[in-house]
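Taking it in order: structure first as structure tokens, then the write-up.
These numbers come from a predicted model, not from an experiment.
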Amino acid sequence: SEIRLPIILVLDVSSSMASGLRKSKIAHSVAQAAALAQLALRGQSPVGLYLFSDRLRDIVPIRLGPAQLPAILRALVRAEELAREALRASAPYRRLLGRTAAYLALTHPERFRLGRVGRLGESRLLAFVAHSLGLPRPQHRGLRRQPAVARELLQAFWSREVGLSTRSASSAPQSASPFSTATVVG
């Protein structure tokens, strides 16, 4: 007799998954997860699905049976919706991050340059802003993984250093500056 091992599919539904050149990363991941689930269930292996972003978003418990594939497919449809929702929610933070990066590139050209922000660049920018606001060094770590804290930090920076209110820094029209979409490379 064969041993049927359970299969757990784990899918990232964060905002970064909603991007892609022609087809989003989440769309590719959903298609692959659906194919793997179908293949495993045909082979009589129990399958489950976990959707996560900054926290666990949904679970389809590990099961075997005719109702399992439809349950997984319904959750995979939700996965695409969750990723798009996360991307919409992160847009104001991304605009604020871009404006901060452009400002720092202009005011501190020896440390920052205009370009596309990556994870290292975002971490470096947030650490610089935290330091300029007088936060102790241990609080600089992990800011990128805490969007709400990072947004508050950037808003405080704009309020204190640049003299703009929080609202005007994060909700200024896109054409407010020629650098409004510029960001920093780390």
Side-chain angles (χ1 to χ4, degrees), residues 2-101 115-127 140-155 169-171 174 180-186:
E2 288 184 24
I3 298 174
R4 307 228 189 297
L5 297 174
I7 296 173
I8 302 170
L9 302 170
V10 181
L11 194 60
D12 180 359
V13 294
S14 65
S15 62
S16 65
M17 293 297 287
S19 63
L21 292 175
R22 294 196 175 129
K23 191 174 178 182
S24 68
K25 292 185 272 184
I26 191 68
H28 284 289
S29 299
V30 163
Q32 294 300 314
L36 287 170
Q38 184 177 28
L39 185 64
L41 289 167
R42 275 191 194 155
Q44 298 299 306
S45 291
V47 179
L49 174 68
Y50 287 62
L51 303 178
F52 75 96
S53 57
D54 56 335
R55 61 185 169 85
L56 191 58
R57 302 296 302 230
D58 199 1
I59 297 174
V60 177
I62 300 169
R63 293 202 175 105
L64 180 63
Q68 188 65 350
L69 186 59
I72 288 174
L73 294 177
R74 281 190 300 275
L76 290 173
V77 168
R78 281 192 308 276
E80 291 195 69
E81 293 166 2
L82 288 168
R84 283 192 299 270
E85 179 184 299
L87 184 62
R88 280 190 300 274
S90 72
Y93 167 71
R94 291 278 158 213
R95 281 194 299 274
L96 185 57
L97 182 69
R99 287 184 177 97
T100 305
R116 183 179 176 277
V117 75
R119 288 182 177 179
L120 178 61
E122 183 178 350
S123 295
R124 199 168 135 241
L125 183 143
L126 291 171
H140 297 190
R141 292 179 179 243
L143 287 170
R144 187 180 55 78
R145 292 184 297 271
Q146 302 173 45
V149 174
R151 184 175 42 251
E152 286 180 30
L153 181 73
L154 292 175
Q155 290 169 341
S170 62
S171 62
Q174 285 286 42
S180 63
T181 59
T183 51
V184 168
V185 173

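- Sorted by first and then second residue, the salt bridge (Lys or Arg N to Asp or Glu O under 4.0 Å) pairs with a member in residues 64-76 form an empty list; sequence neighbours excluded.
- When all heavy atoms are compared, the tightest approach of Ala89 to Pro92 is O-CD, 3.5 Å.
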Can Leu11 and Leu76 be said to form a side-chain contact (heavy atoms from CB on, under 4.5 Å), step by step? CA-CA 9 Å; Leu11 194 60; Leu76 290 173; 3.7 Å; yes
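- Within the model, atoms CG of Leu97 and CD of Glu122 stand 5.0 Å from one another, a figure rounded to the nearest 0.5 Å.
- With values rounded to the nearest 0.5 angstrom, Tyr93 atom OH is found 12.0 Å from Glu152 atom CD.
- The closest side-chain heavy-atom distance from Leu154 to Leu126 is below 4.5 Å.
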For residues 34-62, run the donor-acceptor check on the side chains, cut-off 3.5 Å, and write out each pair with its distance to 0.1 Å, sequence neighbours left out.
from, atom 1, to, atom 2, distance (Å)
Asp58, OD2, Arg78, NE, 2.9
Asp58, OD2, Arg78, NH2, 2.4

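- For the pair Ser14 and Met17, the minimum side-chain heavy-atom distance is below 4.5 Å.
- What you find for Val13 and Ala86 is that their closest heavy atoms are O-CB, 4.1 Å.
- Of the possible donor and acceptor atoms, none in the side chain of Lys23 sits under 3.5 Å from a partner among the backbone N and O of His28.
- How far CD1 of Ile72 is from CZ of Arg63: 10.5 Å, rounded to the nearest 0.5 Å.
- Minimum interatomic distance between Ala18 and Leu87 (heavy atoms only, all atoms of both residues): CB-CD2, 3.7 Å.
- Legend: side chain to side chain donor-acceptor pair (under 3.5 Å) pairs involving residues 80-90, not counting sequence neighbours: none detected.
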